[in-house]
Student: 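Before I ask anything, let me first share the structure, which is written out below as structure tokens.
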Amino acid sequence: MTLTLTTTPAADGFWMPGEFEAHAGCWMLWPERPDNWREAGRPAQHAFAAVAAAIAAFEPVTVGVSSSEFQVARALLDPRIRVVEISHDDCWMRDVGPTFVVDRRGAVRGVDWHFNAWGGLQGGLYFPWDQDDLVARKVLEIESRDRYRAPIVNEGGAIHVDGEGTALVTEECLLNVNRNPLLSRERVEATLRDYLGVTTVIWLGKGVFNDETDGHIDNLACFVRPGEVCLTWTDNKRDPQYRISLDAWERLKDALDARGRRLKVTKLTMPGPLTLAAKEASGIIAREGTKPRAGGERLAASYVNFYIANGGVVMPLLDPHTDRAAASRLKRLFPDRRVVGVPAREVLLGGGNIHCITQQVPAAGVKRLASP
């Protein structure tokens, strides 16, 4: 039986572990809505299936699928992958799924954030989003994990942690008036402490240029391990991303983590710039209430949007001119893991990438070395 708890993770001794720690598995959802995915989602489905297969080589994968797409998904997905029927509005499991937390006794629970499609009626990407807001609860029911219903609008892609008391976030996202307009920065930070079990929140400014999530941290920067951050970068000073990444670099270099350490920051050069082709846009069926997509739009492409699996890193392949250099850099960052590249342009066309469509379930018994 899954309980809905009225306490907070921090009060109960729970915290969010780093993604680089051991996993019990990974959750994904299935793309299908024709007003976001071209050609009724078929190209994206093949891309999602490839991502799921790559992760399944390292850890168990479950994919949530609507009833109408169950047979298609089962046919396209690797036989090792568990397929379950879950209604949803779109397929961004990182944002609509639960954020899992652990304690010293080996228990695993989940945080269920309020979801409003990245902005609600003030810049959100689609309406309605009620089925997405139920996904976290459904996943926790299937996983038999108790649930904390957090009191704020938030998404999993808006937070990144080191598992030792530090969280990375952006002001552009978490202080946006379309999320929690009545909450101050201090109140948002206090809520993150309560529900992530962190003591230090490092605020960066904006996210990747033209990121329709309002600047999710997981497209800009992530923890590789405690004390070390990977940052999206460009050397092109004419690119609007340059000032954004430079500001993030300076903030990270000035910051101290929860244990008082200076952060080591590694730059990961972004692809492109990449844009949505007119032919690709023509395959999307426009619908009222959904953000339109037009040819020529800049895509928020980033190699930081990778997934860390047990023994592996699954990275997006986005640009043949830069893929090899990005893979080489990631291999140096993760010498004990196998780096696997998956063609991911079709995922990018929908507004995100590999990290955005996945959500890890930590293994029971993940240990925090010491209290921050």
Student: Which heavy atom in Asp162 sits nearest to a heavy atom in Gly165, and how many Å separate them?
Tutor: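 Looking at all heavy atoms of both residues, the shortest contact is OD1-N, 3.2 Å.
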Student: For His114, what residues pass the side chain to side chain contact (heavy atoms under 4.5 Å, CB included) criterion, not counting sequence neighbours?
Tutor: Arg149, Val153
Student: Only one of Asn305, Val342, Thr358 passes side-chain contact (heavy atoms from CB on, under 4.5 Å) with Asn353; say which it is.
Tutor: Asn305
Student: Closest approach of Ala40 and Gln45, non-hydrogen atoms and distance?
Tutor: O-NE2, 4.1 Å
Student: Within 45 degrees of the ring normal and closer than 6.0 Å to the centroid, is that where the cationic atom of Arg145 sits relative to Phe100?
Tutor: no
Student: Run through Phe115, Trp37, Trp30 and flag the one making a ring pair (Phe, Tyr, Trp, His ring centres under 6.0 Å) with Trp92.
Tutor: Trp37
Student: Any side-chain heavy atom of Thr99 within less than 4.5 Å of one from Leu196?
Tutor: yes
Student: Are Glu171 and Arg185 side-chain neighbours, meaning at least one heavy-atom pair lies under 4.5 Å?
Tutor: yes
Student: Considering the options Ile217, Thr170, Leu175, which one meets the side-chain contact (heavy atoms from CB on, under 4.5 Å) requirement together with Trp203?
Tutor: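 Option passing the side-chain contact (heavy atoms from CB on, under 4.5 Å) with Trp203: Leu175.
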Student: Show your working on side chain to side chain donor-acceptor pair (under 3.5 Å) between Glu155 and Thr213 and close with a plain yes or no.
Tutor: CA-CA 9 Å; Glu155 304 96 38; Thr213 65; over 6 Å; no
Student: Applying the 4.5 Å side-chain criterion to the ILVMFWY set and letting contacts propagate, would Phe48 and Val51 be lumped into a single cluster?
Tutor: yes
Student: I need the minimum non-hydrogen distance between Tyr148 and Val101, along with the two atoms involved.
Tutor: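 Heavy-atom minimum between the residues: CE1-CG2, 4.3 Å.
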Student: Check Ala107 against Asp103 and note the closest heavy-atom contact, atom names and distance.
Tutor: N-OD1, 2.9 Å
Student: Compare every heavy atom of Ser302 with every heavy atom of Pro316, then report the nearest pair and how far apart it is.
Tutor: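 In terms of heavy atoms, the two residues are closest at CG-O, 4.0 Å.
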Student: What heavy-atom pair brings Trp27 and Ile142 nearest, and what distance separates the two atoms?
Tutor: CH2-CD1, 3.7 Å
Student: Distance only, no hydrogens: is a donor on one side chain within 3.5 Å (strictly under) of an acceptor on the other, for Glu59 and Gln360?
Tutor: no
Student: For side chain to side chain donor-acceptor pair (under 3.5 Å), just list the numbers for Ser328 and Arg324, CA-CA rounded to whole Å, side-chain angles, deciding distance to a tenth of an Å, and then say yes or no.
Tutor: CA-CA 6 Å; Ser328 178; Arg324 182 173 296 182; over 6 Å; no
Student: So, for His355 and His160, is the gap between ring centers shorter than 6.0 Å?
Tutor: yes
Student: Roughly how far apart are Cys26 SG and Ile308 CD1, rounded to 0.5 Å?
Tutor: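 Here the interatomic distance stands at 12.0 Å.
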Student: Given the rule that I, L, V, M, F, W and Y join up when any side-chain heavy atoms are under 4.5 Å apart, are Val339 and Phe58 in one cluster?
Tutor: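 Different hydrophobic clusters.
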